[in-house]
Chemist: 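Here you go, one structure.
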Amino acid sequence: MAQRVSGCPSGVRAAMTAMVASYLVLLSHLAAASSAEGLPSSPNALEKLIVTEFPGASACVLLLHTKGQSGCRGTAEKVPLMYYSDRVRQNGGAGGDVVLVVEEENLPEFLANLASNGSSLAKSVKGGLIVRGKGGKGRPSSFSPADVFPHKNFAPYTDGGYEWNPSGLGLLRTGRAWPPLYVLTEEESEAFREMAEWNRAKGYRYPQYVADLTTEMLAADQANTFECLDKSTCLPIGGYSVASSLPPPTPASASGAAAVDDECVLVLAQVGDSNVFHGLNKGAESSISGMVAAAAAYEAVARSFKDRGVAPSRRLAFALVGSEGYGLSGSRRLVHDLGNASHAIAGCRLSQVSFVVEVGPVGLAAPNKGGAREYYLHWTPGAREANQSIYSAFEEAADDSEGRAVLRTPVGTPGIPPSSLMSFSNHSNIRGLVFADFERRVKNPYLSSYMDDGENYDVSSVYIAAELVAGALVKVAFDGDDAGQRIDRELLNSTVVGLSDCLLTSKPGMQCDLVQRVADSYLTRASLYPGIVSYEAADDQNPNDKTDLVRFLWGYLATRAAGLADLSDVGGAPPCDYPSGKLKCPLAGQVCARWRSQESGSKSKNGRCVAANVQYAPAWSHHLTYTVGKDGYGKWGVNGTAGAILDEIWTESYWPPYTPTALVYMKEGFAYELGLFLAGSALTVCWFYAMGRASRHIAKELKQT
Ligand SMILES: *[C@@H]1O[C@H](CO)[C@@H](O)[C@H](O)[C@H]1NC(C)=O
Ligand SMILES: *[C@@H]1O[C@H](CO)[C@@H](O)[C@H](O)[C@H]1NC(C)=O
Ligand SMILES: *[C@@H]1O[C@H](CO)[C@@H](O)[C@H](O)[C@H]1NC(C)=O
Ligand SMILES: *[C@@H]1O[C@H](CO)[C@@H](O)[C@H](O)[C@H]1NC(C)=O
Ligand SMILES: *[C@@H]1O[C@H](CO)[C@@H](O)[C@H](O)[C@H]1NC(C)=O
Ligand SMILES: *[C@@H]1O[C@H](CO)[C@@H](O)[C@H](O)[C@H]1NC(C)=O
């Protein structure tokens, strides 16, 4: 009895000693990190001090389509960080809850593991933070979340087992969503590795760094697009295509296009791809290489038409197609709209389209032994035989390249590769070809991943492709009678190099001259995500609801249509209010294009009237309906059922405020906190004992006195 009264139990004292020791470790670590600010005065201050946010990180968010969920949702709270590689080494991935820190080289394996049924890893993983190497260093040799046959559901042939993309992991449509995943920026990755290393050095025992990840999504309980649109917890992924035809209309004269007959050749290129982390969507090789080549060819062809001074016998309609990463949404919509006899894209109706030339991936054509780069023409069945003149146009353009390019026809493929042309070739009997840098397998090791960025792209390969396409298109337009018309190679090269810099770098990125002269954008990194469409705009030609990139493409096509020898001559064109002020363009056949004069203060108006047949075209499914209810609120719906419609109709979930977020901080752990609680209670008890003894003592003394 006396012993117990004499002091606190020794076990508690030992726990307290251990606790104080680990506290000291923690404090000394913190002191090292924050010596300037001094030591924190309370645990709360302490916690605040070490919480690190990752504002630059890109989250995977919840997307839905007609057949399920895709992407990420969920919350992780105070879950310890662990390297993926260490987790796999221990019990093959099983264990307590963790947020995994994944080096890029392990990312394909990690995601495949996460997606596989019955994986022991998937059960305990509450989130993932992907850390990146500098300038693309440390990347895996391939990482493609796309399917082995991307867009196979839209293929105009039955061999769905063909592997266009052998490294495809099939992760874009997972069926069920994943836990929160973030890709950190290169700078954030540096800071972050230090924390992960601390946990590793401590043998993953407390005190250690833990993460709070919030990727709560309002559509989490909805199984697919039909349900979330019905519950108004998501919005359709929208986007626009941009189209323009050459030659441009002759302003004012109603009969201006008389020399050009009805026929037109449609030139297609895709704008952007999809990706698990769609904020990082670039699609450099998969789509931007072809788009840059097509856009540069458009300018060169317009210049060539102007120089020749004779109207070509065939019109060329260019369409830069948006939202293709989401179930070929843009091209499927384009075909549908073109099919309506009262709709024309850039003045061209479906019945007038005599051929389709798609500029596909062209950024990875490597020189062969002789130094020539090899490109492939993938024809729809019978097209090469039926359209010899098109074949010869490309052959002659390759000859003009003076050995820098050779053209081949693929052997051993089941038909055209995954492309926008697929949407056309199943429709009526339009013939066409896909021009690409690959034969039987895509060259791109990073198809539909954020690693398909500027590092995965060879500007020279894009330039030579642009030269071939431009040369061939001029011949096609004049139907072989091009009178030895030359392509302005210098112009072509500077545009290819310029567009690549604007769209694939962050310096200058969208702040480049090429963009800034014809569009307003505060962005540096071009965003290629099409974005959501919140309501059905009354006027789909209004630039205000378009993304910066799409507005730029419109402005680019508009100002290049006339083929001016000196682009700055646009500055001398009649002024107008861009986009929709009082001052309109006076003549039919003109549009008001944004123009920033380099001679400052010369003209107050921000637009110029240029002759062009340029237009925006919606890139979301025509099965989507928008209705405004009695309450005045609009609502999206789908006219059809999952069984009846082929469109994938991708939607993006609404996010709650302050989502998604990622923070990481030092935490002492459950055992420690329990110890703290017990020690705290013990201390209280001890204190009461002491009080009791003291007062008894005092009382005794008092009594004694
Ligand atoms: C995973 O399991 C679900 C049902 O539990 C099944 O529908 C699906 O086909 C499985 N996926 C794989 C890849 O085995
Ligand atoms: C292609 O056409 C066939 C026949 O009309 C149709 O059954 C099929 O669903 C179409 N496929 C696509 C992807 O449109
Ligand atoms: C064709 O387009 C016109 C004009 O936009 C529209 O009124 C009509 O409903 C469309 N027809 C079909 C069959 O979609
Ligand atoms: C391609 O061939 C088809 C079928 O013969 C023909 O209708 C079409 O006009 C041709 N297109 C061109 C551009 O020659
Ligand atoms: C294209 O332009 C770039 C940059 O100005 C230059 O480095 C490159 O040599 C040019 N390529 C050709 C083929 O002219
Ligand atoms: C719904 O689809 C059907 C058949 O595809 C069509 O006839 C009908 O006009 C559509 N309704 C609306 C409101 O778009």
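When reading the values below, keep in mind they use all heavy atoms of this one structure, side chains included, and skip hydrogens, waters and symmetry mates. All values derive from a computational prediction rather than experimental measurement. Residue numbers run from 1 in the order of the sequence given.
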Chemist: Should we count CD of E187 as having more than 12 external heavy atoms under 6.0 Å?
Modeler: yes
Chemist: Do M510 and L503 have side-chain heavy atoms sitting under 4.5 Å apart?
Modeler: yes
Chemist: Please name all residues satisfying ring-ring contact (aromatic ring centres under 6.0 Å, His included) with Y83, sequence neighbours left out, ordered by chain then number.
Modeler: none
Chemist: Would you tabulate the side-chain donor-acceptor contacts of residues 62-69 under 3.5 Å, counting partners in other chains and residues two or more places apart, or write 'none'?
Modeler:
{"residue": "H65", "atom": "ND1", "partner": "K67", "partner atom": "N", "Å": "3.2"}
{"residue": "H65", "atom": "ND1", "partner": "G68", "partner atom": "N", "Å": "3.4"}
{"residue": "Q69", "atom": "OE1", "partner": "R73", "partner atom": "NE", "Å": "3.3"}
{"residue": "Q69", "atom": "NE2", "partner": "A220", "partner atom": "O", "Å": "2.9"}
{"residue": "Q69", "atom": "NE2", "partner": "Q222", "partner atom": "O", "Å": "2.8"}

Chemist: Please tell me if the side chains of V442 and P361 come closer than 4.5 Å, counting only heavy atoms from C-beta onward.
Modeler: no
Chemist: Please enumerate all residues that pass side chain to side chain donor-acceptor pair (under 3.5 Å) together with T659, with sequence neighbours excluded.
Modeler: none
Chemist: Filter on salt bridge (Lys or Arg N to Asp or Glu O under 4.0 Å), then keep only pairs touching residues 99-112, sequence neighbours left out; what's left?
Modeler: E103-R193, E104-R132
Chemist: Suppose the criterion is ring pair (Phe, Tyr, Trp, His ring centres under 6.0 Å): which pairs have a residue in residues 92-122, not counting sequence neighbours?
Modeler: Y84-F110
Chemist: Quick one: list whatever passes ring-ring contact (aromatic ring centres under 6.0 Å, His included) with F192, sequence neighbours left out.
Modeler: F54
Chemist: List in chain and number order the residues that pass side chain to side chain donor-acceptor pair (under 3.5 Å) with D273, two or more places apart in sequence or in another chain; answer none if no residue qualifies.
Modeler: S286, S448
Chemist: Step through the shown structure and confirm whether more than 12 heavy atoms of other residues, nucleotides or ligands are within 6.0 Å of NZ on K152.
Modeler: no
Chemist: Can you pull the salt bridge (Lys or Arg N to Asp or Glu O under 4.0 Å) pairs that have at least one residue in residues 451-461, sequence neighbours excluded?
Modeler: R139-D453, R373-D458
Chemist: Please list, chain by chain and in numerical order, all residues satisfying salt bridge (charged side-chain N to carboxylate O under 4.0 Å, His left out) with E652, sequence neighbours excluded.
Modeler: none
Chemist: Counting only heavy atoms not in K507, do more than 12 sit closer than 6.0 Å to its NZ atom?
Modeler: no
Chemist: Looking at residues at least two apart in the chain, or sitting in another chain, which of them share a side chain to side chain donor-acceptor pair (under 3.5 Å) with D97?
Modeler: none
Chemist: Taking C-beta and beyond as the side chain, do V183 and C60 meet within less than 4.5 Å on heavy atoms?
Modeler: no
Chemist: So does R200 pair up with D86, basic N to acidic O under 4.0 Å?
Modeler: yes
Chemist: Hey, could you give me each pair passing salt bridge (Lys or Arg N to Asp or Glu O under 4.0 Å) that has a residue in residues 211-222? Not counting sequence neighbours.
Modeler: none
Chemist: Quickly, which of P180, P660, C72, P179 forms a side-chain contact (heavy atoms from CB on, under 4.5 Å) with L213? Name it, please.
Modeler: P180
Chemist: For S189, check side chain to side chain donor-acceptor pair (under 3.5 Å) against everything at least two apart and list the hits.
Modeler: none
Chemist: Treating T225 as the side-chain partner and W650 as the backbone partner, does any N or O pair qualify as donor plus acceptor under 3.5 Å?
Modeler: no
Chemist: In the structure I gave you, are the side-chain heavy atoms of H278 and V61 within less than 4.5 Å of one another anywhere?
Modeler: yes
